[in-house]
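Single-structure report; data block below.
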Amino acid sequence: MHKQIQSAFALYSSGQIEKALDLLKPLVDDYPNEAVIHNLSGACYSSLGRLDDAVNCYKKALIIKQDYAEVHNSLGAALQALGQLNDAVKSYKNSIAISPDYAEAHNNLGNTFKELEQLDAAINCYEKAIAINPNYHEAYNNLGVAFQRFGKMNFAVKSYEKAIEIAQDF
């Protein structure tokens with residue numbers, strides 16, 4: 001089973017999503033209590049834009065393993081893409097509660113708060129993400145956007161400059 005999961009992950013990582021799903025579908029039937037299989041299936045469906053299917057897979061993974069921070073984060077992203085922002089906030093907060101140093105979850109939570117026009121909360125999340133990972137150029141960029149929306153242009157420019165300093169091709 002592990003070899004098949006690794007093969008499916010390699011296919012997923014190389015952009016061969018349909019082939020990865022073809023490998024995963026029988027594994028879901030044969031090993032219904034393996035959270036990692038449901039998680040990877042969810043990632044594949046998400047990549048294909050089949051967000052409802054992705055949400056279902058992530059929820060199955062969480063039934064099996066409730067403390068799976070990465071799945072809570074991925075579920076949040078799918079829910080956010082579906083416009084279910086309050087549910088996305090809950091998922092990201094669950095992810096952070098399990099793994100407080102999960103910079104990506106803090107950044108994603110910030111993005112959701114930004115969509116909800118809760119800019120103070122968004123800025124706080126981006127700053128936490130940056131405190132965890134000082135080289136997180138996406139978080140600096142998102143922080144700049146939030147500051148810009150807030151009308152704090154000096155802070156926005158500094159955030160954008162830091163993002164470019166870290167990732168010059170950004």
Side-chain angles (χ1 to χ4, degrees), residues 5-6 8-9 11-13 15 17-18 20-21 23-25 27-29 31-150 159 163:
I5 293 171
Q6 289 175 339
F9 184 76
L11 289 168
Y12 166 79
S13 297
I17 309 302
E18 294 286 354
L21 274 173
L23 271 181
L24 290 168
K25 286 176 185 173
L27 291 177
V28 168
D29 294 333
Y31 304 97
N33 293 320
E34 288 292 331
V36 69
I37 296 170
H38 295 288
N39 180 38
L40 186 52
S41 297
C44 288
Y45 285 124
S46 185
S47 293
L48 294 172
R50 294 174 53 185
L51 298 175
D52 289 325
D53 290 327
V55 166
N56 288 334
C57 290
Y58 294 139
K59 286 182 177 180
K60 287 177 186 174
L62 291 172
I63 289 169
I64 298 163
K65 186 176 180 191
Q66 295 174 357
D67 64 344
Y68 205 154
E70 292 83 3
V71 176
H72 283 287
N73 184 58
S74 297
L75 175 59
L79 292 168
Q80 183 177 356
L82 287 167
Q84 298 174 25
L85 301 181
N86 291 324
D87 289 334
V89 166
K90 290 176 191 170
S91 290
Y92 293 134
K93 285 183 175 181
N94 287 337
S95 179
I96 293 165
I98 296 162
S99 184
D101 290 338
Y102 195 175
E104 184 181 351
H106 285 283
N107 184 63
N108 290 341
L109 179 57
N111 288 337
T112 308
F113 281 138
K114 188 172 58 182
E115 277 190 67
L116 290 167
E117 294 298 326
Q118 297 176 21
L119 297 178
D120 283 331
I123 288 168
N124 186 38
C125 290
Y126 298 137
E127 288 175 340
K128 284 181 183 174
I130 291 165
I132 295 164
N133 179 1
N135 292 315
Y136 198 168
H137 67 276
E138 293 97 339
Y140 276 106
N141 181 68
N142 292 332
L143 181 61
V145 171
F147 278 136
Q148 187 174 349
R149 284 192 186 170
F150 230 122
S159 295

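Keep in mind that what you see is a predicted model, and the values were worked out from it rather than measured.
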Restricting to side chain to side chain donor-acceptor pair (under 3.5 Å), what partner residues turn up for Tyr140, sequence neighbours left out? none

Counting only heavy atoms not in Lys25, do more than 12 fall under 6.0 Å of its NZ? yes

Rounded to the nearest 0.5 Å, what separates atom CG in Asn142 from atom SG in Cys125? 11.0 Å

Shortest non-hydrogen contact between Ala20 and Ala8, atoms and distance: CB-O, 3.4 Å

Nearest 0.5 Å, what's the NE2-CG distance between His106 and Asn73? 10.5 Å

Just verifying a value: how many Å separate Lys114 NZ and Ile123 CD1, rounded to the nearest 0.5 Å? 10.5 Å

For the atom pair OH (Tyr92) and CG (Leu85), what is the distance rounded to the nearest 0.5 Å? 9.5 Å

Please list, chain by chain and in numerical order, all residues satisfying side-chain contact (heavy atoms from CB on, under 4.5 Å) with Leu62, sequence neighbours excluded. Tyr68, Val71, His72, Leu75

Between Tyr126 (side chain) and Gly110 (backbone), is there a donor-acceptor pair under 3.5 Å? yes

Output the distance between atom CD1 (Ile96) and atom NZ (Lys128), rounded to the nearest 0.5 Å. 7.0 Å

As an exercise, state the distance from CZ of Arg149 to CD of Glu117, rounded to the nearest 0.5 Å. 5.5 Å

Considering non-hydrogen atoms only, spot the tightest contact between Ala54 and Tyr45 and give its length. N-CB, 3.7 Å

Ser46 side chain to Gly42 backbone, donor-acceptor under 3.5 Å: no

Does Gln66, at its CD atom, have more than 12 non-hydrogen atoms belonging to other residues, nucleotides or ligands within less than 6.0 Å? no

Looking at His38 and Asn56, would you say the former's side chain and the latter's main chain have a donor-acceptor pair under 3.5 Å? no

